There are 2 protein chains.
Amino acid sequence: MSTPLPPFPRGQEPSGAPVPLELTVGPAAPQLRADAARNRARLLEAATRLVEEHGVANVTMEAVAVAASVGKGTVFRRFGDRTGLLMALLDHTEQQFQAAFLSGPPPLGPGASPADRLHAFGCRVLREIHDRLDLYIAAEPDASRRFSSAPYRVRFTHVAMLLREAVPDADGVLLAQTLMGYLEPALIHHLTRQCGMPLERLESGWHDLVKRTTCPVSD
Amino acid sequence: MSTPLPPFPRGQEPSGAPVPLELTVGPAAPQLRADAARNRARLLEAATRLVEEHGVANVTMEAVAVAASVGKGTVFRRFGDRTGLLMALLDHTEQQFQAAFLSGPPPLGPGASPADRLHAFGCRVLREIHDRLDLYIAAEPDASRRFSSAPYRVRFTHVAMLLREAVPDADGVLLAQTLMGYLEPALIHHLTRQCGMPLERLESGWHDLVKRTTCPVSD
DNA sequence: CCAGCAAGCGGACCTCGGTCCGCTTTATTG
DNA sequence: CAATAAAGCGGACCGAGGTCCGCTTGCTGG
């Protein structure tokens, strides 16, 4: 329609919403051929090593390809683009986290009140991102995809669901986007690195925000 | 410290915070030489034309240089980078807007209650961005500068100030960042273009958000 | 075991943002 | 008006992300 459009054939793109190739809850890997799977593993390993050796900012796609003894095209076919590769590096942690808030023990998982789950959720995300901030920043998709990536959608849907439960008569979608905005890597980076705020302050801020959001408004 | 660092000599960078060359409230242009000023004007004109002819996404820096009959280096010296050029295209509107909420008539300007000013502020920003969405999206600085750009800082400071007035015992800075997050071009793009929400719904969402934010919380 | 064929591969290639540096123009000052 | 310093200029150049397309390789059914 407007965007230049699909870079590589990859899977089942053509139908409706662009299906992200991974990073979603559960494996759902579409049966890679043996050599492809091997190369994928090599690439992830190489990328991990390069990132911790030189810092994510200095890791180029070509360097990863070379380090994995693989052609550059292969990197792009497998991961789509740089963002895709970087997100794949966060996939394992992400899946664990998803499992934790979807079906783990309270207060993160089901069993606690929606508000309590929200409080726990935010703190967990804040710490998670804070611990691997550079990677999260670098893996941030560009503006037009920021809200469509699988991990974002899963988190967002979860927050929206909790919010609908906690404040049924509010616009849960908009409120959820607002809360999610507080958890953006770029903001966390700004506040902790550029403004020098301790993580604890961000956590208090989150608690306050949740309180204000879930308290019934006069109107 | 960590970033690759300054591209061009330009002005008085070295002292402390990186002083953005324009886009701040007031003119403060540092006396361009005659030819430089002429080229600057040419460039802005050419860029404006190209943007409305081909859409901002298809406008390259080189194309702008050629269209303005100027060397490519000149574009970068004058505007720093692509983001800088695009922001300059928004500068005129931005200055008018700043004047309106800093010293214009209520409810946007001083005279109304902080809460009323916040309500007005958000609606104005929403419309402003909605009207030139593509340009705002394209002009968005990368993650590490999103919160340091002059226009952002002015808006943010304003919101924080109003918030401190309206809810003195809250963490105004964090609350302000949250409110600002609701006004991000990328989010507005997602909600209106990808989710198909009408602008009116975003406005209601803003009003609700301000209400919840400014209502005293039980603790 | 072989043939056929998708899936996968890889590196040459392109584009575009950003940089460098030797040359030109402008402003200043005596 | 000359001399001079500084500001500006511009296009060759570079690096990195992303694409293309002819070749290779692993699967599958006969």
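So you know, we letter chains A, B, ... as the sequences are listed, proteins then strands, and number each from 1. Hydrogens, waters and symmetry mates are skipped; everything else that's a heavy atom, side chains included, is used. All values derive from a computational prediction rather than experimental measurement.
For A:Leu50 and D:dA16, the CG to P distance is 13 Å, given to the nearest whole Å. If you measure from atom CZ of B:Arg38 to atom C1' of C:dA27, you get 15 Å, rounded to the nearest angstrom. Between the CZ atom of A:Arg42 and the P atom of C:dG8 there is a distance of 16 Å, given to the nearest Å. Rounded to an integer number of Å, the gap from CG of A:Leu32 to P of C:dC9 is 9 Å. The CD-P distance, from B:Gln31 to C:dT26, rounds to 16 Å in whole Å. The interatomic distance linking A:Leu85 (CG) with D:dG18 (C1') rounds to 14 Å, in whole Å. Nucleotide D:dG11 holds its C1' atom 15 Å from the CE atom of B:Met61, rounded to whole Å. The separation between B:Leu86 atom CG and C:dG17 atom P is 10 Å, rounded to whole Å.
Taking 4.0 angstrom as the limit, B:Arg82 places none of its side-chain polar atoms (N or O) nearer than this to OP1 or OP2 of C:dG18. OP1 or OP2 of C:dG10 sits under 4.0 Å from a side-chain N or O of A:Thr74. Side-chain N/O atoms of B:Arg78 include one lying less than 4.0 angstrom from OP1 or OP2 on D:dC9. Put simply, B:Asn39 has a side-chain N or O that comes within less than 4.0 Å of OP1 or OP2 on D:dC9.
Considering only side-chain atoms of B:Asp35, the nucleotide from C:dG17, D:dC9, D:dG26 that sits closest is D:dC9. Of the candidates D:dG26, C:dC9, D:dC9, the closest approach to any side-chain atom of A:Ala36 belongs to C:dC9. The side chain of B:Asp81 has C:dG18 as its nearest neighbour among D:dT19, C:dG18, C:dG10. Each of C:dG17, C:dA27, C:dA12 was ranked by its minimum atom distance to the side chain of B:Lys72; first place goes to C:dG17.
Using cut-offs of 30° and 60° for the angle between ring planes, the B:Trp206 and B:Tyr182 rings count as tilted. Ring orientation note: the planes of A:Phe156 and A:Tyr152 are close to parallel, at an angle under 30° on the 30°/60° scale.
A:Arg33 comes within contact range of at least one nucleobase, with a heavy-atom separation under 4.0 Å.
Along DNA chain C, the nucleotide nearest A:Gly71 and the nucleotide nearest A:Glu62 are compared for position; the residue whose nucleotide lies closer to the 5' end is A:Gly71.
Counting heavy atoms from C-beta on, the side chains of A:Asp142 and B:Glu140 never come closer than 4.5 Å.
For C:dG10, the base has a donor-acceptor partner in the side chain of A:Arg77 [N/O atoms by modelled type, under 3.5 angstrom].
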Practice problem: Please lay out, stage by stage, how B:Met61 and B:Phe79 fare under the test side-chain contact (heavy atoms from CB on, under 4.5 Å). | Solution: CA-CA 11 Å; B:Met61 294 300 267; B:Phe79 298 102; 5.6 Å; no
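The residue from B:His190, B:His189, B:Glu184 that alone fulfils the side-chain hydrogen bond (donor to acceptor under 3.5 Å, both in side chains) condition with A:Arg146 is B:Glu184.
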